[in-house]
Amino acid sequence: MTDCLFCRMLNKEIPADVVYEDDDVLAFNDINPQAPVHVLIIPRIHIATLNDLQAKHAEVMGKLLLAAKEVAKQKGLSEGGYRTVINCNADAGQMVFHIHLHLLGGRQMDWPPG
Ligand code: AMP
Ligand code: ZN
């Protein structure tokens, strides 16, 4: 989608600080990090929100989680731990409507989240 920020990053129209990529996903540092490690992992296909997921997206959503595991390992977070988050719509604070997994780590996380 031409008016989607993350699609434009996938198309290299907007720079991304890439930490991992494969045929299905792209992972890059969040521009406004909320933890020492804050990486966003996105599918190469445009899906707006969790509400828009269909059965055909099951594999690519699994790939997001596999990429999270890889990035966590790369960042040295696997043993100590980390958090993954997908915000959906306004009450969760979703700002970019191209589905993305936040990978947060490098500090103690609070629960419940704010
Ligand atoms: P969400 O609130 O779940 O939609 O998360 C959107 C995230 O995208 C926020 O954490 C923003 O800091 C991040 N973000 C917005 N623009 C950029 C950008 N150009 N590069 C990297 N991260 C961005
Ligand atoms: Zn998009």
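We're numbering straight along the sequence, starting at 1. Everything numeric in this text was worked out from a predicted model, so none of it was measured. Counting starts at 1 for both ligands and their atoms, following the listed order.
- Taking every heavy atom of Phe6 and a limit of under 4.0 angstrom, the matching atoms of ligand 1 come to 8 (O).
- The protein atom (non-hydrogen) at minimum distance from atom 16 (N) of ligand 1 is Leu5 CD2, 3.4 Å.
- Aromatic ring centres of His98 and His100: separated by at least 6.0 Å.
- Residues Phe6 and Ile99 have side chains not in contact (no heavy-atom distance under 4.5 Å, counting atoms from C-beta outward).
- Counting only distance, with no hydrogens or angles, the side chain of Glu21 and the backbone of Asp23 share no donor-acceptor pair below 3.5 Å.
- The backbone N or O of Ala35 lies less than 3.5 Å from no partner atom in the side chain of His38, so there is not a single donor-acceptor pair.
- In this structure, the protein non-hydrogen atom closest to atom 6 (C) of ligand 1 is His100 NE2, 3.5 Å.
- Under a 4.0 Å criterion applied to the non-hydrogen atoms of His102, ligand 1 contributes the atoms 1 (P), 3 (O), 5 (O), 10 (O).
- When non-hydrogen atoms are compared, ligand 1 lies under 4.0 Å from neither the backbone nor the side chain of Val85.
- Side-chain contact check for Met9 versus Leu5: some heavy-atom pair is nearer than 4.5 Å.
- By the 4.5 Å heavy-atom criterion applied to side chains, Met61 and Ile86 are counted as neighbours.
- Here the side chains of His46 and Leu10 are not in contact, with every heavy-atom distance at 4.5 Å or above.
- Exactly one of Val71, Thr84, Leu104 qualifies for a side-chain contact (heavy atoms from CB on, under 4.5 Å) with Val39. That residue is Val71.
- Counting heavy atoms under 4.0 Å from ligand 1, residue Asn29 touches it through the backbone alone.
- Listed by number with element, the atoms of ligand 1 under 4.0 angstrom from any heavy atom of Val96 are 4 (O), 6 (C).
- Proximity of Phe28 to ligand 1, defined as any heavy-atom pair under 4.0 Å, is confined to the side chain (atoms from C-beta onward).
- Among protein heavy atoms, the minimum distance from atom 20 (N) of ligand 1 is reached at Met9 CE, 3.5 Å.
- Checked by distance only, ligand 1 and Asn87 come closer than 3.5 Å through their nitrogen or oxygen atoms.
- The closest donor-acceptor contact from the side chain of Arg107 to the backbone of Gln34 lies under 3.5 Å.
- Using a 4.5 Å cut-off on side-chain heavy atoms (C-beta onward), Asp24 and Glu59 make no contact.
- What sits closest to atom 13 (C) of ligand 1 on the protein, heavy atoms only, is Asp30 OD2, 3.3 Å.
- For the Zn ion (ligand 2), the neighbouring protein N/O/S atoms at less than 2.8 Å, given as residue and atom, are Cys4 SG, Cys7 SG, His46 ND1, His98 ND1.
- Near Asn32, the atoms of ligand 1 lying under 4.0 angstrom from a non-hydrogen atom of the residue are 12 (O).
- Nearest protein heavy-atom contact of atom 8 (O) of ligand 1 is Leu40 CD1, 3.5 Å.
- Residues Arg8 and Asn11 form no side-chain contact, since every pair of their non-hydrogen atoms from C-beta on lies 4.5 Å or further apart.
- Considering only non-hydrogen protein atoms, atom 2 (O) of ligand 1 sits nearest to Gly93 O, 2.8 Å.
- The number of heavy-atom neighbours closer than 6.0 Å to CD of Glu13, taken from other residues, nucleotides and ligands shown, is above 12.
- Dense packing is recorded around CG of Asp3, with more than 12 heavy atoms of other residues, nucleotides or ligands lying under 6.0 Å away.
- Under 4.0 angstrom from ligand 1, the non-hydrogen atoms of Ile31 come from both its backbone and its side chain.
- With a heavy-atom cut-off of 4.0 Å, Gln34 does not touch ligand 1 at all.
- Nearest protein neighbour of atom 4 (O) of ligand 1, counting heavy atoms only, is Met95 N, 2.6 Å.
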